[in-house]
Amino acid sequence: SAVISQKPSRDICQRGTSLTIQCQVDSQVTMMFWYRQQPGQSLTLIATANQGSEATYESGFVIDKFPISRPNLTFSTLTVSNLSPEDSSIYLCSALAGSGNTEAFFGQGTRLTVV
Amino acid sequence: SQQGEEDPQALSIQEGENATMNCSYKTSINNLQWYRQNSGRGLVHLILIRSNEREKHSGRLRVTLDTSKKSSSLLITASRAADTASYFCATDARSNYKLTFGKGTLLTVNP
């Protein structure tokens with residue numbers, strides 16, 4: 001199994017600013033994902049973080065708002081840009097356990113509050 | 001969208017009782033998984049059942065899958081207060097590894 005460290009665990013940000021969330025996996029993983037969980041809701045996939053290339057975004061999410069980096073097989077960042085109160089959510093990093101295995105491991109999440 | 005729908009949305013039981021949560025989905029799947037989330041924190045994987053399996057057990061957990069009805073159930077036996085959490089089902093399609101999560105069931109186990 002993989003252990004995922006995500007930071008910060010929470011933050012309060014002013015509107016118009018940006019927050020970068022880091023995700024570190026303790027082993028090399030093939031696939032990493034970023035999810036958003038709005039208050040009281042389920043998880044929605046933002047994008048697949050691709051190593052060495054641009055992330056693949058889901059419908060409704062764009063690179064300008066959610067730039068993602070993945071420089072290697074163990075690390076990824078998600079930036080939430082130009083923050084508004086509607087961005088207040090929990091953001092979660094996830095990685096797949098192994099090739100052909102869709103069992104996912106999750107970081108502890110980042111609780112973002114925009115004021 | 002093949003987003004799963006869990007029911008009930010909330011379930012409150014006494015310690016020692018069994019808890020059953022259901023999940024329905026819309027399209028063909030490769031696997032169905034159940035996850036647990038404590039107080040808005042990260043998700044913990046509980047169990048995975050493949051589309052060609054009908055039932056699976058893990059400790060106090062029992063999962064069933066009915067692909068003809070596109071539904072699954074999660075049974076937690078002899079519940080404990082520590083089982084209090086939100087439970088989500090998640091499906092992945094045959095063509096990719098992306099997970100689609102259901103809306104979740106909030107389980108409260110009262111001591």
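Sequence lines set the chain letters: A, B, ... in the order given, protein chains first and strands last, and positions in each chain run from 1. Note that these values count all heavy atoms, side chains included, but never hydrogens, waters or copies made by symmetry.
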Whatever's closer than 4.5 Å to a heavy atom in chain B on Thr48(A) counts as side chain

Which residues satisfy the side-chain hydrogen bond (donor to acceptor under 3.5 Å, both in side chains) test with Ser86(B), sequence neighbours excluded? none

For Gln108(A), is it the side chain, the backbone, both, or neither that has a heavy atom closer than 4.5 Å to a heavy atom of chain B? both

Do Leu78(A) and Tyr91(A) have side chains that approach each other closer than 4.5 Å (heavy atoms only, starting at C-beta)? yes

Pick one of side chain, backbone, both or neither for Glu58(A), based on which atoms fall under 4.5 Å of a heavy atom in chain B. side chain

Residue Tyr35(A) versus chain B: region with a heavy atom under 4.5 Å: side chain

Strictly below 4.0 Å, N to O, side chains only: are Arg80(B) and Glu15(B) in salt-bridge contact? no

Applying side-chain hydrogen bond (donor to acceptor under 3.5 Å, both in side chains) to Arg70(A) and not counting sequence neighbours gives none

For Asn50(A) and Thr56(A), which I'm curious about, is there any donor-acceptor pair between the side chains at under 3.5 Å? yes

Between Leu43(B) and chain A, which part of the residue has a heavy atom less than 4.5 Å away: side chain, backbone, both or neither? both

